[in-house]
Enquirer: 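Handing you a structure now.
Every chain is numbered from 1, with letters handed out A, B, ... down the list of sequences.
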Amino acid sequence: MYEFIRELKKMYAPEKKREIQSKPHEITHSLKYNIGYIRRLFRDSPDLTIHEIKLSGTDAAVISIDNLINKDTLAFSVLKPVLSYSFGNDPEDNLNTICEKVLYTDDITKITTFEELSSFILSGFCVIAVEGAAAMLSVGIQGFKSRSISEPESDVIQRGSKEGFVEAVHTNMSMLRRKMKTPGLILELSSVGRLSGTEICICYLADRADRSIVKELKRRLNSIDIDTVLAAGYLVPYIEDNDGISPFSTVGITERPDTVCGKISEGRIAVLIDGVPSALIVPYLFAEYFQTLDDYSNRPYFATFTRWLKFAAFFISILLPGLFVALCTFDQEMFPSLMLNKIAGAVASTPLSLMGEMIIIQFIYEIMRESGLRMPQPLGYAVSIVGGLVIGDTAINAGLIGAPTLMAAAMAAICSYVIPNLYAPSAILRFAFTIAGGFFGIWGISILFCAVFINICSKTSFGIPFTSPVTPTGFSSFRDVFIRAGWKVLARNPAKIQNMPGTSAPGGTEND
Amino acid sequence: MTKKEYISSTQLFTLLFVITVSDIILNPDTCKDQGYAALVFAGMMIFCLLSFLTVYFSDHYRKKASLSSPKTVNSLWIFGFIYLSVYHLYTFANFIEKLNGNIIPSLPIIFLLFISAAYSAFKGIEATARFSAIVFISIILFSILYFVFLYPSYRPENISSFSSGINGNKSFFAFITLFEEYTVMLLLSRNTKGNYLRSGMIWNVLQTVFLISFLILIAGSLGEYLIEIYFPVFHASDGVGSLQRFRPFFVSVTIGSLFCTLSTEFYLIYRFTAEMIRDKSSIRRKNIYVFLAVFILYLIISSFPGLYDVIYDLKLMTAVILISVFVLPVLTLFSSRIRRTNIVRTAGLLVLLLSCAIISSGCNSNQLNQRIIVQGIGIDRNDDSCLVTLIALDTDSRQTGNQVQLIYSNGKTVENALIAAEKRQGKKLLLSQCLFLMLNKDAAYDTEDTLSYFIDNNDIMKTTNIMVSDKAEEMLTNAINELDYTSEKINVLSDSNAINQSAYHFSIFDYVNVKNGNAKEIFIPYIIEDKKLKCLRTDDKHCLRLTL
């Protein structure tokens with residue numbers, strides 16, 4: 001449908017101006033010119049270090065950014081061997097000799113443009129420039145401070161690893177390598193962000209991931225036109241399929257390397273981002289919101305029970321406030337007499353309508369939640385006291401809000417924490433269903449429910465329907481959706497879990 | 001090139017099944033007919049045979065069923081599906097009013113459904129087909145619940161009282177249902193992949209089994225009673241009163257199935273319209289004649305008996321149909337001269353303004369404290385008037401516990417007295433919590449007149465107990481004010497099956513069953529006040545015995 005409207009728009013839309021891409025600025029033979037250019041490029045930044053040296057009488061320089069490099073490595077692995085070696089007269093030969101015979105490190109790259117130079121220097125490399133050579137050597141001696149590996153805060157599980165991702169992408173890559181000791185694990189580095197130049201790493205298994213999905217992901221990442229990438233959410237809109245406005249995302253986010261490894265083994269693709277302790281996972285389906293790693297550690301019957309608990313919690317969190325308002329306002333006969341008596345007494349003693357009360361309670365709850373997140377930890381106790389006593393007790397005694405209404409709102413809020421990844425959509429949908437129930441009763445809730453589910457059913461994640469395998473139905477994939485089958489069953493054909501294309505997919509694999 | 005949408009054959013036939021269910025729910029009058037079941041079954045068998053032979057085995061015919069048709073044929077399809085969507089919205093409006101009375105205005109709900117279905121149509125047929133699978137699962141679950149709670153009261157002998165035969169109106173509605181299913185099947189066949197034959201046969205069997213067992217179960221459980229009342233089962237006309245609690249589930253299944261139906265219709269309307277706009281072929285004179293013929297045909301059909309209600313009852317929809325059937329084809333004649341982007345923007349703005357106007361007009365509120373929650377009713381009839389005593393929950397009381405108040409009202413009939421009580425209190429009655437009716441002897445002897453209001457009123461539960469006393473007003477006043485009785489305690493006197501299996505027990509449901517059956521006598525528990533023990537009790541020696 002939208003294709004037709006886009007066709008009409010294209011017929012009358014003005015042509016976009018194409019940006020003229022500038023040619024890369026190549027390094028010259030003159031060391032003096034090169035150093036001058038670098039100073040101007042970095043605007044004489046105080047942390048730019050240019051150490052001028054002599055290589056057997058030839059001028060040279062070591063350029064780096066202070067605090068990004070490891071000074072011990074610079075001194076012992078770069079400066080000491082270079083200064084103690086006897087070089088010839090040919091600058092190009094000298095450069096090759098430094099690269100092949102002199103340096104005690106392995107991460108050495110020859111660069112020929114100032115764009116490459118700035119990228120490497122800002123990534124913690126030092127650059128060796130020699131008078132007369134139209135190239136430079138970048139040497140990896142990163143030594144910037146980073147956080148140590150700790151337990152992730154949002155992805156909490158009972159059994160399993162307590163390691164979570166950190167900000168350094170290379171450390172995250174090493175964590176994946178440790179868990180997937182197979183040469184088929186492909187890790188491809190690239191960068192995004194005009195100003196930030198953030199490194200990203202695409203991770204997938206060569207014999208499991210669908211080649212067309214990998215290609216499409218790379219195309220989307222290459223087309224990102226953004227200044228900075230400071231969080232995982234910056235990339236999500238560029239990676240998602242363009243299915244219109246929706247509260248649900250078709251890109252998964254996790255802080256756990258074991259979760260990423262599990263997803264990769266199903267044929268999915270992960271994207272690690274430098275500076276962000278999270279990984280993006282594509283394709284991501286609706287059923288995966290209800291899966292955690294604990295499901296696979298526990299016995300199948302208990303895992304199935306908790307899976308159903310999560311489904312119920314999600315629907316309670318979005319529907320309970322709206323249903324409560326709808327039934328109390330339009331269909332009072334649904335309630336048993338005793339319960340209706342209690343609710344009627346509570347409603348009669350409060351000044352606002354039931355819908356208004358419910359919206360206000362939810363709004364206050366969201367304010368408290370947000371303030372609890374932002375405020376310093378020592379003050380967190382004050383928030384809990386204020387929330388519990390003032391809102392929970394005093395407001396009811398004062399007759400401002402009713403106890404049944406507060407109970408329904410609190411139950412919905414607690415249920416929303418069962419699936420943290422779905423908190424954002426459930427918070428918005430809760431308000432929407434409350435308004436629909438307050439104005440139109442069960443009819444409004446049913447219609448809105450249909451609209452929300454149509455939105456979910458219309459989404460795709462890299463071509464795979466978001467509601468797969470429930471619809472389109474894939475019975476073999478049900479073993480990990482409504483139930484969690486035993487591992488002997490799950491291990492039979494992991495690529496068939498949740499309709500992911502794998503070795504049997506028509507798209508083929510990297511090795512085809 | 002527009003990206004082509006594909007659905008599997010299983011999804012297509014699931015969608016058709018859901019469309020059929022929506023027609024059954026919205027038109028139970030037609031579905032109470034054994035003839036309807038036979039018509040559907042026979043028609044499906046014949047058509048399936050023809051369609052599978054032609055559509056599945058004939059590539060030539062499949063190409064003919066495609067959308068690359070001339071503008072005139074497209075406009076006929078548009079007309080057909082616009083009419084179908086209006087028909088569904090009209091029956092849905094009637095359905096809401098019968099199920100909900102005047103508590104919620106139907107027009108905003110219809111408009112909300114219209115907007116949501118249009119949004120769904122814009123998302124494409126794939127989304128609708130996937131969503132229909134979710135609705136299908138809901139229908140199956142609902143059917144299981146329905147079977148579990150209705151089967152215990154199943155009476156095979158009641159099936160014989162089921163009316164049969166087909167009249168013109170019912171045939172037309174049945175035809176509408178069949179026409180829609182088969183045309184949707186044909187038109188979507190080019191977007192369908194998979195084993196068409198296998199999926200179609202499964203759909204055929206499933207639909208027939210569901211339809212026939214559904215009808216038999218309703219007929220066998222409730223008999224003649226169903227003929228007059230519109231889906232009373234969801235107002236607890238069954239013996240145990242459990243099905244009323246499933247109303248939200250029933251509503252959601254209705255909305256879900258209707259949503260799929262409307263979404264499919266809107267999608268096809270939009271697709272044909274898009275095809276017409278894209279079609280660059282020139283308009284010939286004969287096309288204009290066909291448009292005129294379509295309009296005249298519409299006028300002729302609209303005067304047909306039975307169709308008149310459908311088209312002219314919904315006043316807004318008349319304008320929509322006229323605009324769509326006449327203006328839309330005319331617009332396509334001049335489509336190359338109009339800037340298309342302006343049409344899309346203007347149409348969007350109009351829809352937005354219209355939706356704001358309609359939605360803001362229907363904000364009813366029925367807060368609990370604005371209703372009289374009736375727990376018991378006493379009725380005293382004399383020759384020319386009726387005194388009604390209501391035991392109602394006192395929601396204005398600040399004391400803890402369930403305080404009740406007594407409300408007295410006079411009127412010529414029971415209904416007049418209740419309406420007078422509403423006007424005096426300024427609140428609407430909520431009768432669904434009423435546990436018992438206490439009649440005096442005169443009211444009990446004139447049972448039919450006394451109980452007619454409660455039988456027709458869908459709010460009151462049909463499991464409400466009936467008891468008799470000398471003077472209901474005096475009995476209830478003493479019980480509440482002096483003997484400190486509650487409504488539940490009074491109700492237990494009649495609902496004494498739990499205490500004494502041989503005690504008399506009588507409810508509205510029992511009365512209707514007796515009236516529709518062969519029994520000639522009814523026995524109503526007789527309540528007296530024991531002055532010595534200062535309590536109410538049933539008279540052990542006799543009950544009120546009435547001959548019908």
Enquirer: Establish, for the pair B:R130 and A:F466, whether the NZ or CZ atom is under 6.0 angstrom from the six-membered ring centre and no further than 45 degrees off its axis.
Expert: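 Not flagged: B:R130 not positioned over aromatic ring of A:F466.
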Enquirer: Non-hydrogen atoms of chain A under 4.5 Å away: do they reach the side chain of B:F136, the backbone, both or neither?
Expert: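 For B:F136, there is no contact with chain A at all, as no heavy atom is under 4.5 Å.
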Enquirer: Less than 4.5 Å to any heavy atom of chain B: does that hold for the side chain of A:S353, its backbone, both, or neither?
Expert: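 The answer is both parts of A:S353.
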Enquirer: What part of A:I343 lies closer than 4.5 angstrom to a heavy atom of chain B: side chain, backbone, both or neither?
Expert: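 Contact with chain B involves both backbone and side-chain atoms of A:I343.
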Enquirer: Which region of B:I373, side chain (C-beta onward) or backbone (N, CA, C, O), has a non-hydrogen atom less than 4.5 Å from a non-hydrogen atom of chain A, or is it both or neither?
Expert: side chain
Enquirer: Counting only N and O atoms by type, is there a donor-acceptor contact under 3.5 Å from the side chain of A:R430 to the main-chain atoms of A:I318?
Expert: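 Side chain of A:R430 to backbone of A:I318, a donor-acceptor pair under 3.5 Å: no, none is there.
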Enquirer: Search all heavy atoms of A:S461 against all heavy atoms of A:Y284 and return the closest pair with its distance.
Expert: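 Taking every non-hydrogen atom into account, OG-N, 3.0 Å.
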Enquirer: What option among A:S458, A:S446, A:C450 has the most heavy-atom pairs under 4.5 Å with chain B?
Expert: A:C450
Enquirer: I'd like to know if the side chain of B:S432 pairs up with that of A:Q332 as donor and acceptor (distance under 3.5 Å, no hydrogens or angles considered).
Expert: no
Enquirer: Return the option, out of B:S132, B:S120, B:S263, with the maximum number of heavy-atom pairs under 4.5 Å with chain A.
Expert: B:S120
Enquirer: Please find the pair of heavy atoms, one from A:I447 and one from B:S116, that lie closest to each other, and give the distance.
Expert: CG2-OG, 3.2 Å
